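Note that this is a predicted model, so its numbers are computed, not measured. In listed order, ligands and their atoms are each counted from 1.
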Amino acid sequence: MKVLLIGSGGREHALVWKIRQSSKVQKIYCAPGNGGIGEMAESVAIAPDQIQKLADFAEKEQIDLTVVGPELPLTLGIADHFEKRGLKLFGPNRAAAQLEGSKAFAKEILKENRIPTASFEIFSDATLAKRYLAQQQPPYVVKADGLAGGKGVLICPSPKEAETAIDDILVRRLFGQTGEKLVIEEFLKGEEASFMALTDGEHILPLASSQDHKRVFDGDRGPNTGGMGAYSPAPVVTPEVHRRILDEILRPLLRGLKKREVHYSGVIYVGLMITEHGPKVLEFNARFGDPECQPVIMRLNSDLVPLLEATIEGKLDHVEAKWHKDAAVCVVLCAKGYPGPYEKGKEIRGLEKLQDWERGFVFHAGTANVGDRWLTSGGRVLGVTALGKNIEEAVGEAYRAIGEIEWEGMHYRKDIAQRALKKG
Ligand code: AMP
Ligand code: GLY
């Protein structure tokens, strides 16, 4: 088989790393890929939103399976386009990807199907939004409707900040197109978890549970990022919580989408708050989480390719996923300045010392390979991912490996998985 992977982050490196181990696969291409991916797949200089060009490439190279990493091509309708041209692709179609592409759409589906989530209202008028705000309790949660790279959610301690957030979105349009609507919702208390599952619209194959760390600094302080690290499994997802996520969230969600004649096929990612009343939905993503994908994929003991194929063919009830008993932890190493404007082009040293690392792997996100040197080229640069008998050992292994790596301005969180360790 020939596989084309779309994307350029740590998530995509983990997917390429795993797909490459499949006995079914002879060749992998990645568009556009990154420095690390370039060592195991052929890089193709096409951006993820150039759907026509990607389909032309898949046709010309007779690609058997295309796998989409990031959300943008999904919300632009890459699955619809590939299907029309008879090309096999893993990822939901445009209508289904609205679950991630529009927070208002996601909230409406949740409400229609009585799926537990924060109570909310949707507004496109700033005056009405502020009037509603006046009846709510702080902290206020204000969310821009569309894709905003994780930056469209504002948690505001005071009414003044919430009013500024409303104006930033609806009036000043700081989030561009995304600013036509917003959602104001109840603030939920509890512990967050990520739950990913493969679904063919009919059947659900849950993946191992995980948890990421969204804030940039230790102790969950500072601004939100794309994710500073993740671990799997997440102890907060107990067997009881797992059952409730399936019964109260995923099954009603699939029924609700069907009622609207929306066919969902791909990974569904549920961002959850585990509250004292059980799991509640914070958000959906129509793709693998990044960095959650890295530890989850490292723990997968089955060939990933048949699972992706079964998803596309509507045969998820014919396959199963086996998991390592070991836990996995991914710590993301970032460039100076991230999540704000960050430095690029710094030389990364020490990677060669981890080439034969037995208990882990360094997934690349923002790197470029120039001659025999590695340079930083993104905000999230590397995802150092380790296995361990338990979370504690995996944490120790990951941070030991990080000790080998350095570049000027490198920063990372020192407390990845601490919450899980406290539970243990
Ligand atoms: P989202 O992109 O919707 O998951 O929001 C990003 C982050 O904001 C989440 O991971 C939570 O930490 C936080 N958040 C979002 N919605 C709420 C809410 N209703 N209550 C508390 N925290 C929230
Ligand atoms: N780590 C959260 C996300 O991928 O959106």
Taking only heavy atoms of [X] into account, list the atoms of ligand 2 that are under 4.0 Å away from them.
{"X": "Y269", "result": "2 (C)"}
{"X": "D212", "result": "1 (N), 2 (C)"}
{"X": "G226", "result": "1 (N), 2 (C)"}
{"X": "N285", "result": "3 (C), 5 (O)"}

Task: Residues forming a ring-ring contact (aromatic ring centres under 6.0 Å, His included) with W407, sequence neighbours excluded - done: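 Expected list: none.
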Task: Nitrogen or oxygen of R11 less than 3.5 angstrom from that of ligand 2 - done: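 No; the residue has no nitrogen or oxygen that sits under 3.5 Å from a nitrogen or oxygen of the ligand.
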Open item on the list: Using a plain distance cutoff, I'd like to know if D290 has any nitrogen or oxygen under 3.5 Å from a nitrogen or oxygen of ligand 2.
Closed with: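 Yes; the residue has a nitrogen or oxygen that sits under 3.5 Å from a nitrogen or oxygen of the ligand.
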- [ ] Inspect the contact between D303 and K322 and indicate whether a charged nitrogen and a carboxylate oxygen are less than 4.0 angstrom apart.
- [x]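 Result for this pair is no, no salt bridge flagged.
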Task: Test: K259 and E112 ion pair at under 4.0 Å - done: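 The answer is no: the pair does not qualify as a salt bridge.
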Decide whether the shortest distance between a heavy atom of [X] and an atom of ligand 2 is less than 4.0 Å.
{"X": "G289", "result": "yes"}
{"X": "F288", "result": "no"}
{"X": "S194", "result": "no"}

Open item on the list: For F123 and Y132, take the angle between the two ring planes, folded into 0 to 90°, and tell me which bin it lands in: parallel under 30, tilted 30 to 60, perpendicular over 60.
Closed with: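 Because their plane-to-plane angle lies in the 30° to 60° range, the rings of F123 and Y132 count as tilted.
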TODO: Have a look at E283, R287, Q211 and point out the one with the heavy atom closest to atom 5 (O) of ligand 2.
DONE: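 Result: the heavy atom closest to atom 5 (O) of ligand 2 is in R287.
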For the residue pair [X] and [Y], confirm or rule out a side-chain donor-acceptor distance under 3.5 Å.
{"X": "S102", "Y": "D145", "answer": "yes"}
{"X": "W357", "Y": "E404", "answer": "no"}
{"X": "T117", "Y": "K107", "answer": "yes"}

For atom [atom1] of [X], decide whether the heavy atoms of other residues, nucleotides or ligands shown that lie under 6.0 angstrom number more than 12.
{"X": "E261", "atom1": "CD", "result": "no"}
{"X": "E358", "atom1": "CD", "result": "no"}
{"X": "E83", "atom1": "CD", "result": "no"}

TODO: Pick out which of R173, K160, K130 makes a salt bridge (Lys or Arg N to Asp or Glu O under 4.0 Å) with D167.
DONE: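 It is K130; the other options fail the test.
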- [ ] Write out the protein residues near ligand 1, meaning a non-hydrogen atom under 4.0 Å from one of its atoms, in order of chain and number.
- [x]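 Residues near ligand 1: K103, A118, V141, K143, V153, I155, E185, E186, F187, L188, E192, K214, M273, L282, E283.
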Task: Which segment of E292 sits under 4.0 Å of ligand 2 when only heavy atoms are counted - done: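 Looking at E292 and ligand 2, just side chain atoms fall under 4.0 Å.
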